[in-house]
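First the proteins, then the strands, lettered A, B, ... as listed; each starts at 1.
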2 protein chains.
Amino acid sequence: MDNKEEVKWEAFNRILEILQSENIYDFREHFLDMHPYDQALFFMEVEKKDRMLIYGYLSPEEVAAMMEHIGLEDIQPFFTEMDTNYASMVFAEMSTDDAVDILNEMEKEKVVSFLTIMNKADAEDIKDLLHYEEKTAGSIMTTEFISVNKMQTVKDTMNQLKEEAPDAETIYYLYVVDGDKRLVGVLSLRDLIIADDHTTIESIMNEKVFHVSVAENQEDVAKSMRDYDFLAVPVVDFQQHLLGIITVDDILDVMEEEASEDYSRLAGISDGDSKDTNPLIAAKKRLPWLIILLFLGLLTASLIGQFEETLNQVTILSIFIPLIGGMAGNTGTQALAVAVRGLATGEYGDSGKLKLILREAGTGLITGTVCGLIITVIIFLWQDNIYLGILIGLSIMLTLVVATLAGSFIPLLMDRFRIDPAVASGPFITTINDIISVLIYFGLATTFMRLLL
Amino acid sequence: MDNKEEVKWEAFNRILEILQSENIYDFREHFLDMHPYDQALFFMEVEKKDRMLIYGYLSPEEVAAMMEHIGLEDIQPFFTEMDTNYASMVFAEMSTDDAVDILNEMEKEKVVSFLTIMNKADAEDIKDLLHYEEKTAGSIMTTEFISVNKMQTVKDTMNQLKEEAPDAETIYYLYVVDGDKRLVGVLSLRDLIIADDHTTIESIMNEKVFHVSVAENQEDVAKSMRDYDFLAVPVVDFQQHLLGIITVDDILDVMEEEASEDYSRLAGISDGDSKDTNPLIAAKKRLPWLIILLFLGLLTASLIGQFEETLNQVTILSIFIPLIGGMAGNTGTQALAVAVRGLATGEYGDSGKLKLILREAGTGLITGTVCGLIITVIIFLWQDNIYLGILIGLSIMLTLVVATLAGSFIPLLMDRFRIDPAVASGPFITTINDIISVLIYFGLATTFMRLLL
């Protein structure tokens, strides 16, 4: 733990003492002086009885600011332990998009009771967003943006800004709409500031406004914002009506979420595994994968069983099984990772995919030849049997070519059928390649048996 | 390819025709109408002779805006093919941080010649940044920020803004310094806009300004910006002098880079592998790993060789080698990924690490027992040999416990010794666990040999 962290935890201990001595005034002074993210860290660290005190000492607005920094996977219990009235006031004060994310994970009845208690306008905003499918632009957008009519003057707009700024997610882009609320332009605050007071918005706005459709995938939105360096993008429906905006802070979370998901899949675990300290829950998440792999492993065993006669005649063959299988698994995972990342960053067009397959075939041929030659020499020197050396070398070579191709071909195939290629996890490819390698190895061994005896 | 993409490529073809017909006026109109990111896509797609035309038709400033959207791995050749004078003008017009990133990868002599041609002020800015170590806050910060003196009034500051806005990376945060250029506060543009014209900056600034040190790791900076939802953070030296700022668009790139790095390491590939279409280069990048793993595989083979007598007596043992090794590899990769992600997101304190190890031990015990029982029953039914079933089942159980522990322990150990745990890649853990599993399996088999015969 570095120094910065230590200082933070010391401060936490001091504030906890103040809280437990039930000194409201002092607590509010120290607690509200922290950044909401640090408030959230503190809040999640203390026990339930301390949290109940906190709910009493802070306004719903103050709690809402803090709640926006608590991860979705941890937040539900806090809303359940609060008084229902208080909870619905907290929801009303949160950014609509964050409130909706939490409500989306709750039971229907609870959501209805929160919305019933809430004031009508806030409840409407939330209800509108609750309909959007998970992981679409609609589900991460917020409705707290500033829109201006194209006929307004710069001066009027500045006055509007001063009024609406406190509630908006961002004031750095102003979205310009026509009389029908259709998005017709965008204006950065920078443009507004350097403009003359009496010009109209229409004459200084940028008509080429980048926007996303409400149904667009959140990963694609993230990619656009990264590529084009936007701090916010407007979200429109199919008639170009402005529905909301997505800000860059939400995109940082989306990117973290997607990267974490890809990484977890490559390792064959469910995402979010790391948070629980309960081994039963962790085991339950990992077992499905392990059991599937167990059966695939049994398939491999029964395949090798078909070659029992070969094995009986040349026992030495069996000691190289893990070597060949391991190489197949490793090279397959490498090829898989390259293909999945390439697909995720949108590098390939249709011709690019063919190029990728060709390149991987070439790569497999080169790595296979090099590794095959090395192993042939080593085994010849070690076992003093040139035929065994050639057999193993040839098996490694063929295995590496086929495994490399499989590693790149399977994700491309999945992508073609619109399955997210990231679900073709490392363990899956590894096990498939294990089976392929066994077939190649024992197939060759059985064919050339008389040379080995 | 979706519809949006198709439209884009059609537009590209039209613009290429205009370019090749050497119609400057038309080309500039169509080309400059695109977002610089799209300009960059077009630019990278065309041939050298077309690019030479583009350099002639655009100003260094226009080329600079486009260059900021080309990835570091692709950009160097473009600067080399331009006229040197023109190239140095382009560098001068780019954001200092982006220019420095490119120059950092170039040969020393070339850098010196660019800096000599450039005007003095721009060259100084770049030289200052060239000293910072890669992947630190210093290396990703820009010096084009707006700083205001704490004694200024709001009105003066607004006027300063109008003047400096065009050149600054962001105007949404203003950093407040004292007479010695030390950072003393921060002011968002939002605060400035709603403030009264005649108040001083000091009275409305926020004194609690979050900042990072110039030597801080870029990954830590990214984490802070994500946690605290900042659009920019100031960078200071050890005496608190304001040196530069880091903006969120650079952080998006850092996050993408770090996620891609972790993912690639889990798969045992060098990052950036996917870009090349040359199989020789790809093979060269993957071979080091594969050869190390080849030797580890040979170690496994020689270990199994030690048990040749056991194998000769009970050949059937060999068909389960891939099953047991594969399960060890899979469970180890799962545990590894959980530990690496947990460490990356800074979830664990010292007590958290112990908790993780204990949890993984528990998880291994549960998954091991379940998988062990399943396999015992299946092998008993299949091979009609209860002792063989128990042997394999027990081996799986022990292997899963040990492999799970190894998968979480090794990255934690590396973190302790300040080695980035992400380098403990999947293939490495898989191979280590392969060896462990062989020892457990054949150790048990040899010990209980008389029951198997």
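- A 4.5 Å side-chain heavy-atom check between B/Tyr228 and A/Asp38 finds at least one atom pair inside the cut-off.
- Residues that satisfy the side chain to side chain contact (heavy atoms under 4.5 Å, CB included) test with B/Ala40, not counting sequence neighbours, are B/Met66, B/His69, B/Ile70.
- A heavy-atom distance below 4.5 Å is not found between the side chains of B/Leu311 and A/Leu311.
- Contact of A/Asp434 with chain B is made through the side chain alone, with heavy-atom distances under 4.5 Å.
- Contacts between A/Asp33 and chain B at a heavy-atom distance below 4.5 Å involve backbone atoms as well as side-chain atoms.
- Only the side chain of B/Thr431 has a heavy atom closer than 4.5 Å to any heavy atom of chain A.
- When each of A/Met255, A/Glu163, A/Met225, A/Met158 is checked for heavy-atom pairs under 4.5 Å with chain B, A/Met255 comes out on top.
- In this structure, chain B has heavy atoms under 4.5 Å from both the backbone and the side chain of A/Leu189.
- Residue A/Ile193 touches chain B through both its backbone and its side chain, counting heavy-atom pairs closer than 4.5 Å.
- Per-residue counts of heavy-atom pairs under 4.5 Å with chain A were compared for B/Thr404, B/Leu365, B/Leu161, B/Ile194; the largest is that of B/Ile194.
- For the atom pair CD of A/Glu309 and OG1 of B/Thr315, the computed distance is 11.0 Å after rounding to the nearest 0.5 Å.
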Donor-acceptor contacts, no H, no angles, side chain residues 293-301 of chain A, under 3.5 Å, sequence neighbours left out:
residue	atom	partner	partner atom	Å
A/Thr300	OG1	A/Leu296	O	3.0

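- The candidate from A/Ile321, A/Ile304, A/Leu400, A/Leu252 with the greatest count of non-hydrogen atom pairs under 4.5 Å with chain B is A/Leu252.
- Per-residue heavy-atom pair counts under 4.5 Å with chain B were compared for A/Ile375, A/Asn330, A/Asp253, A/Leu358, and the maximum is reached by A/Asn330.
- Most heavy-atom pairs under 4.5 Å with chain B, from the set A/Arg190, A/Lys162, A/Lys208, A/Glu68: that is A/Arg190.
- For B/Ile374, the part lying under 4.5 angstrom from a heavy atom of chain A is the side chain only.
- Scanning residues 322-329 of chain A against chain B with a 4.5 Å non-hydrogen threshold yields A/Pro322, A/Leu323, A/Met327, sorted by number.
- With a 4.5 angstrom heavy-atom cutoff, B/Leu303 does not touch chain A via any of its atoms.
- Residues passing the side chain to side chain donor-acceptor pair (under 3.5 Å) test with B/Asp249 are B/Thr247, sequence neighbours excluded.
- In terms of heavy-atom pairs under 4.5 angstrom with chain B, the leader among A/Ser302, A/Pro36, A/Gly332 is A/Ser302.
- Contact tally against chain A (heavy-atom pairs below 4.5 Å) for B/Asp250, B/Ile396, B/Ile366: the top residue is B/Ile366.
- With contacts defined as side-chain heavy-atom distances shorter than 4.5 Å, the pair B/Phe307/A/Ser318 does not qualify.
- Ring geometry, A/Phe230 versus B/His35: the interplanar angle exceeds 60°, so the pair is classed perpendicular (tilted spans 30 to 60°).
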